[in-house]
2 protein chains.
Amino acid sequence: MIHQRECPVETLIHVLGGKWKPMILWLLIESSKRFNDLEKLIPDVSQKMLSQHLRDLEREGIVDRTVYPTVPPKVEYSLSEYGKTLIPVAEVMCAWGENHNKRKYEEPAS
Amino acid sequence: MIHQRECPVETLIHVLGGKWKPMILWLLIESSKRFNDLEKLIPDVSQKMLSQHLRDLEREGIVDRTVYPTVPPKVEYSLSEYGKTLIPVAEVMCAWGENHNKRKYEEPAS
DNA sequence: TCATCCCTTTACTTTTAAGTAAGTGCATTA
DNA sequence: TAATGCACTTACTTAAAAGTAAAGGGATGA
């Protein structure tokens with residue numbers, strides 16, 4: 001499982017690597033959401049960054065983008081079937097991250 | 001396990017987030033290594049970046065730094081006990097990343 | 001007629017990360 | 001005397017990521 005010269009950990013980190021992508025993924029794991037919903041749920045994200053990161057995730061096949069041709073337009077973002085393969089990974093990462101945050105909080109002077 | 005407002009996935013990505021940290025972790029999972037070993041094993045890393053990322057990982061408690069007061073100096077970097085908690089996480093991330101790379105290779109025009 | 005809503009895109013600026021090159025210290029070897 | 005090896009650090013430059021502000025398009029409601 002472990003080779004010397006390649007490090008696929010980088011791949012995952014690259015896919016989820018932007019400043020906002022983890023949060024977007026997290027919210028879409030919960031349920032599909034519209035652009036505006038995400039904008040409201042992610043404090044301080046700019047429309048540009050949200051749009052850009054959603055397009056990145058779409059390009060990787062992780063997120064599906066469904067456009068309903070209504071007026072005003074409605075666009076729904078959801079995890080693709082492939083994107084759902086990230087859920088267990090995200091959960092493991094989440095668990096470690098939560099523990100790490102707790103650890104930092106408990107012993108800030110180490 | 002899933003909360004609305006926090007996303008600990010970000011924590012992990014932040015800890016492993018630099019350009020070289022995943023590779024460093026990967027190599028240290030395999031075995032402890034010296035500065036020069038890492039430099040040779042990671043193509044194109046500069047001493048500055050290697051040093052900086054090692055210090056980051058040390059600060060997070062993931063990597064132990066052992067100095068042997070010999071001349072020339074010998075410094076060994078190894079995974080700390082805490083750092084070893086990252087191994088299963090890295091393996092899950094690695095597995096997903098490998099699959100993702102394969103997928104990309106198989107259908108580059110999706 | 002004018003503003004409104006939603007989902008963007010574009011042009012420009014600022015911030016952050018990474019790269020480059022050189023230098024440090026000290027003991028051993030040539 | 002000078003060069004070598006190891007493990008860095010510092011100062012400076014460049015590249016990448018993110019932030020800001022504004023505009024667009026097209027139907028609907030006031």
Side-chain angles (χ1 to χ4, degrees), chain A residues 7 9-28 31-60 62-80, chain B residues 7 9-28 31-60 62-80:
Chain A
C7 182
V9 174
E10 281 169 13
T11 304
L12 205 238
I13 288 189
H14 184 250
V15 167
L16 291 188
K19 179 165 178 186
W20 304 106
K21 288 200 194 100
M23 190 65 175
I24 293 171
L25 177 71
W26 205 238
L27 291 169
L28 292 184
S31 66
S32 303
K33 291 191 173 55
R34 302 178 59 182
F35 189 89
N36 257 12
D37 296 335
L38 288 168
E39 204 184 341
K40 281 167 202 149
L41 287 168
I42 307 177
D44 300 330
V45 74
S46 66
Q47 293 181 319
K48 178 195 166 187
M49 282 296 115
L50 184 51
S51 169
Q52 193 176 104
H53 286 170
L54 282 169
R55 260 178 291 124
D56 289 349
L57 291 168
E58 202 192 337
R59 185 158 18 84
E60 299 287 352
I62 290 162
V63 161
D64 283 338
R65 183 174 181 270
T66 314
V67 182
Y68 300 91
T70 59
V71 173
K74 175 177 170 179
V75 180
E76 195 167 77
Y77 292 94
S78 53
L79 270 197
S80 67
Chain B
C7 182
V9 173
E10 280 169 12
T11 304
L12 204 241
I13 288 189
H14 183 250
V15 167
L16 292 187
K19 178 165 177 185
W20 304 106
K21 289 198 193 102
M23 190 66 176
I24 293 172
L25 177 72
W26 205 239
L27 292 168
L28 293 184
S31 66
S32 303
K33 292 189 170 58
R34 302 178 59 179
F35 190 88
N36 257 13
D37 296 336
L38 289 169
E39 204 183 339
K40 281 167 202 150
L41 288 169
I42 307 178
D44 301 328
V45 74
S46 66
Q47 293 181 320
K48 178 196 167 186
M49 282 297 115
L50 184 52
S51 169
Q52 194 176 104
H53 286 168
L54 282 169
R55 261 178 290 123
D56 288 348
L57 290 168
E58 201 192 340
R59 186 159 17 86
E60 299 287 351
I62 290 162
V63 161
D64 282 340
R65 182 175 183 272
T66 314
V67 182
Y68 299 92
T70 59
V71 174
K74 176 176 170 180
V75 180
E76 195 167 76
Y77 293 93
S78 54
L79 270 198
S80 66

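Order of the sequence lines fixes the chain letters, A, B, ..., with proteins taken first and strands second; residue numbering starts at 1 for each chain.
- Shown here are the side-chain hydrogen bond (donor to acceptor under 3.5 Å, both in side chains) partners of B:Ser51, two or more places apart in sequence or in another chain: B:Arg55.
- Atom-to-atom distance recorded for B:Leu25:CG and B:Leu57:CG is 7.0 Å, nearest 0.5 angstrom.
- An OP1 or OP2 oxygen of C:dC7 is reached within less than 4.0 angstrom by a side-chain nitrogen or oxygen of A:Arg34.
- B:Lys74 has its NZ atom 18 Å from the C1' atom of C:dC26, to the nearest Å.
- Within the nucleic acid shown, B:Tyr77 comes within 4.0 Å of sugar-phosphate atoms alone, with no base atom in reach, counting heavy atoms only.
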Task: Derivation of the side-chain contact (heavy atoms from CB on, under 4.5 Å) call for A:Phe35 and A:Leu54 - done: CA-CA 9 Å; A:Phe35 189 89; A:Leu54 282 169; 3.9 Å; yes
TODO: For each nucleotide in nucleotides 9-30 of chain D, reading 5' to 3', give B when a protein heavy atom comes within less than 4.0 Å of its base, S when such contact involves only the sugar-phosphate, and - otherwise.
DONE: BBB------BBB------S---
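- The side-chain hydrogen bond (donor to acceptor under 3.5 Å, both in side chains) check on A:Thr70 picks up nothing, with sequence neighbours excluded.
- Taking NE2 of A:His53 as the reference point, atom CD1 of A:Ile42 lies at 10.0 Å (rounded to 0.5 Å).
- For D:dG5, neither phosphate oxygen OP1 nor OP2 lies less than 4.0 angstrom from any side-chain nitrogen or oxygen of B:Asn36.
- One can place CD of B:Glu58 at 14 Å from P of D:dA7, the figure rounded to the nearest angstrom.
- Taking atom CD1 of B:Ile42 as the reference point, atom P of D:dA7 lies 14 Å away to the nearest angstrom.
- The distance from the CD atom of A:Gln52 to the CH2 atom of A:Trp20 is 12.5 Å, given to the nearest 0.5 Å.
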